[in-house]
Amino acid sequence: MGMGRRAALSCPGADRRRTLGPLHLLLLLALWGGTGYSQQQTQCRIQKCTTDFVSLTSHLNSGSDGFDSEFCKALRAYDGCTQRTSKACRGNLVYHSAVLGISDLMTQRNCSKDGPTSSTNPELSNDHCNFHSKVTAREPGAGEKPQPNYLFCGLFGDPHLRTFKDHFQTCKVEGAWPLIDNNYLSVQVTNVPVVPGSSATATNKITIIFKSHQDCTDQKVYQAVTDDLPAAFVDGTTSGGDGDSKTLRIIEKVGGKHVEMHAKYIGTTVIVRQLGNYLTLAIRMPEELAIAYEESQDLQLCMNGCPSSERIDQGGHLPLPVTSNDPPSSLSGQSRPTYTLESAIAKCLEKFQVRHIYFHSCVFDLLTTSDANFTAAAQSAWEDVKALHPRKDLWIIFPTNGNLGKTPPLPAIILGLVCLVFVALL
């Protein structure tokens, strides 16, 4: 069986008819992909990937100069296309057959995984490292251009997590945890305890890996730790990409306190800040790239949230407060002003006019740590939402009652947050 499949996929360079064998096979896959089987998975784009590959290679002559180079470029483009649609194509027989065929052809042709790729639209070849341009050019002449769907994820405070699905959680997650781990980007954070005896933690280390992508950029690694927020990757460079394209670059907004990374080739923006002794993170990424990962990579806090065993907020159900007036002590032992519920609310109202979830997080963090820097962290996290979140109607997760300029009666969620503080300290 294995020999039969190998024979069908073989394509020696000297025989044009045999070279076209795999192309005919992949064309059949493309036609099969147009049947009802593929229509069951409307988000799977394997038919588009295959027909693009066939159009790029059907005119090639194996006896001409540069055949191997052009064929390998087309294969790499095909491979990249299948990777981008891998998540949506799970269980699709056409997709898995195409992946096997690509692997065989790359081995037989000695094609490297890394290198230049063919463009299905030569007029846009100079923009193949611009994600937004590639998306809007997918259906030329179709009237209104398609726009990519972006997702937002943020982490700040004790820590509070806003997932790609706009779920808001408060978690323990002590130690190293992956926020994102897909085919294009990996982000890992390390969290440490904030106060003695508390399960609440905060982030003191962030590692970001921009994975190599065709000829747009080599792999770049960024790492920040408390009191060391560099404006460069670990190799000392500040950008990725050849020449003046700079498809990946770091911009320092505030020295040692605020940096931004813009990855044009994957349409992604990352913001890292230091407030007090801890770090915050905000990311915007296209949905089709964020979901491009394997089953083994499913532990991603931005995608799937914190494990239930790591949740402090107990699935959003906040218990009644317990009786205690003893404020938490600082992990560092430094003397800080302590906060009552009333003074924490007053402090956070200095930063927020609307009592949305970021205001509630501010109150929770002040009651937990007595560290006013967490107020600034909550405010910065809210500013990052407004800068990066693609949908304004989803900025405020828990709408207020409309009393924007007045102090309304103590809401039930604040009472729950008081209890959360003491639950975290147990």
Side-chain angles (χ1 to χ4, degrees), residues 33 38 40-53 75-103 106 113-115 117-120 128-138 146-153 163-166 178-188 207-221 240 247-248 261-270 283-305 388 390:
S38 179
Q40 295 174 2
Q41 294 178 295
T42 57
Q43 299 303 315
C44 179
R45 298 176 59 87
I46 188 59
Q47 181 182 2
K48 175 77 162 57
C49 296
T50 302
T51 54
D52 283 351
F53 173 72
L75 271 178
R76 282 190 288 266
Y78 191 13
D79 184 53
C81 186
T82 60
Q83 289 182 30
R84 289 190 293 275
T85 195
S86 62
K87 177 119 177 127
C89 294
R90 288 179 181 176
N92 186 309
L93 181 59
V94 177
Y95 167 80
H96 291 290
S97 298
V99 170
L100 286 173
I102 293 169
S103 177
M106 293 191 82
K113 284 280 188 179
D114 299 321
T117 61
S118 300
S119 171
T120 56
H128 74 285
C129 290
N130 185 321
F131 176 81
H132 188 82
S133 295
K134 287 194 296 185
V135 171
T136 56
R138 283 176 182 169
Q147 297 296 319
N149 184 37
Y150 289 95
L151 303 177
F152 173 87
C153 180
T163 72
F164 281 146
K165 301 171 185 176
D166 285 310
L179 288 186
I180 296 174
D181 185 19
N182 55 51
N183 295 338
Y184 304 90
L185 182 72
S186 292
V187 180
Q188 179 176 281
T207 302
I208 303 169
I209 301 175
F210 295 90
K211 300 179 181 179
S212 60
H213 183 69
Q214 300 173 4
D215 58 340
C216 298
T217 184
D218 294 330
Q219 178 171 292
K220 294 288 183 180
V221 180
T247 58
L248 172 63
M261 281 154 272
H262 298 271
K264 183 171 63 174
Y265 68 100
I266 54 173
T268 297
T269 299
V270 182
I283 299 172
R284 179 176 63 192
M285 187 172 196
E287 180 178 18
E288 68 178 86
L289 305 189
I291 65 174
Y293 60 90
E294 304 301 324
E295 291 184 10
S296 60
Q297 300 170 289
D298 62 345
L299 180 57
Q300 302 181 55
L301 302 191
C302 279
M303 182 60 67
N304 299 314
L388 297 183

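Hydrogens, waters and symmetry mates play no part in the numbers below; they use all other heavy atoms, side chains included. Note that the structure is predicted; figures quoted are calculated from it, not measured.
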Enquirer: If the plane angle is over 60° it's perpendicular, under 30° parallel, otherwise tilted; pick one for Tyr150 and Phe131.
Expert: perpendicular
Enquirer: Could you grab the distance from atom OG of Ser212 to atom CG of Asp114, nearest 0.5 Å is fine?
Expert: 4.5 Å
Enquirer: Nearest 0.5 Å, please: how far is OG1 in Thr268 from CD1 in Ile283?
Expert: 8.5 Å
Enquirer: Heavy-atom distance under 4.5 Å between the side chains of Arg76 and Met106, does that happen here?
Expert: yes
Enquirer: Is it the case that Arg84 places NZ or CZ above or below the six-membered ring of Tyr95, under 6.0 angstrom from the centre and within 45 degrees of the axis?
Expert: no
Enquirer: Compare all side-chain heavy atoms of Lys165 with those of Asn304 and state whether any distance is below 4.5 angstrom.
Expert: yes
Enquirer: Pair Met261, Lys220 - check side-chain contact (heavy atoms from CB on, under 4.5 Å), show working.
Expert: CA-CA 11 Å; Met261 281 154 272; Lys220 294 288 183 180; over 6 Å; no
Enquirer: Look up atom CG in Leu299 and atom OH in Tyr293, then write down how far apart they are to the nearest 0.5 Å.
Expert: 10.5 Å
Enquirer: Mind checking side-chain contact (heavy atoms from CB on, under 4.5 Å) for Ile291 and listing every partner two or more places apart, or none if nothing turns up?
Expert: Lys87, Glu287, Met303
Enquirer: Find out whether Thr217 and Phe210 are in side-chain contact, i.e. whether some heavy atom of one side chain is under 4.5 Å from a heavy atom of the other.
Expert: no
Enquirer: How long is the gap from CD1 on Ile46 to NE2 on His96, to the nearest 0.5 Å?
Expert: 9.5 Å
Enquirer: Enter the distance from Phe152:CZ to Asp166:CG here, rounded to the nearest 0.5 Å.
Expert: 8.5 Å
Enquirer: Show your reasoning for whether side-chain contact (heavy atoms from CB on, under 4.5 Å) applies to Thr117 and Tyr78.
Expert: CA-CA 9 Å; Thr117 61; Tyr78 191 13; over 6 Å; no
Enquirer: Heavy atoms, side chains only, cut-off 4.5 Å: are Met285 and Leu151 in contact?
Expert: no
Enquirer: Quick check against the 3.5 Å criterion: does Thr82 have a side-chain atom that pairs as donor or acceptor with the backbone of Asp79?
Expert: yes
Enquirer: Who pairs with Gln297 by side-chain hydrogen bond (donor to acceptor under 3.5 Å, both in side chains), at least two apart in sequence or on another chain?
Expert: Asp181
Enquirer: Enter the distance from Ile209:CD1 to Ile180:CD1 here, rounded to the nearest 0.5 Å.
Expert: 12.0 Å
Enquirer: For a quick test of reading the model, state the closest non-hydrogen atom pair linking Thr163 to Cys302 and the distance between them.
Expert: CB-O, 3.3 Å
Enquirer: I need the minimum non-hydrogen distance between Ser86 and Asn183, along with the two atoms involved.
Expert: OG-ND2, 3.9 Å
Enquirer: Kindly give the heavy-atom pair with the smallest separation between Leu289 and Ile266, and that separation in Å.
Expert: CD1-O, 3.4 Å
Enquirer: Between Thr247 (side chain only) and Cys129 (backbone N and O only), is there a donor and an acceptor less than 3.5 Å apart?
Expert: no
Enquirer: Would the distance check show the side chain of Lys211 and the main-chain N or O of Asn182 forming a donor-acceptor pair, the cut-off being under 3.5 Å?
Expert: yes
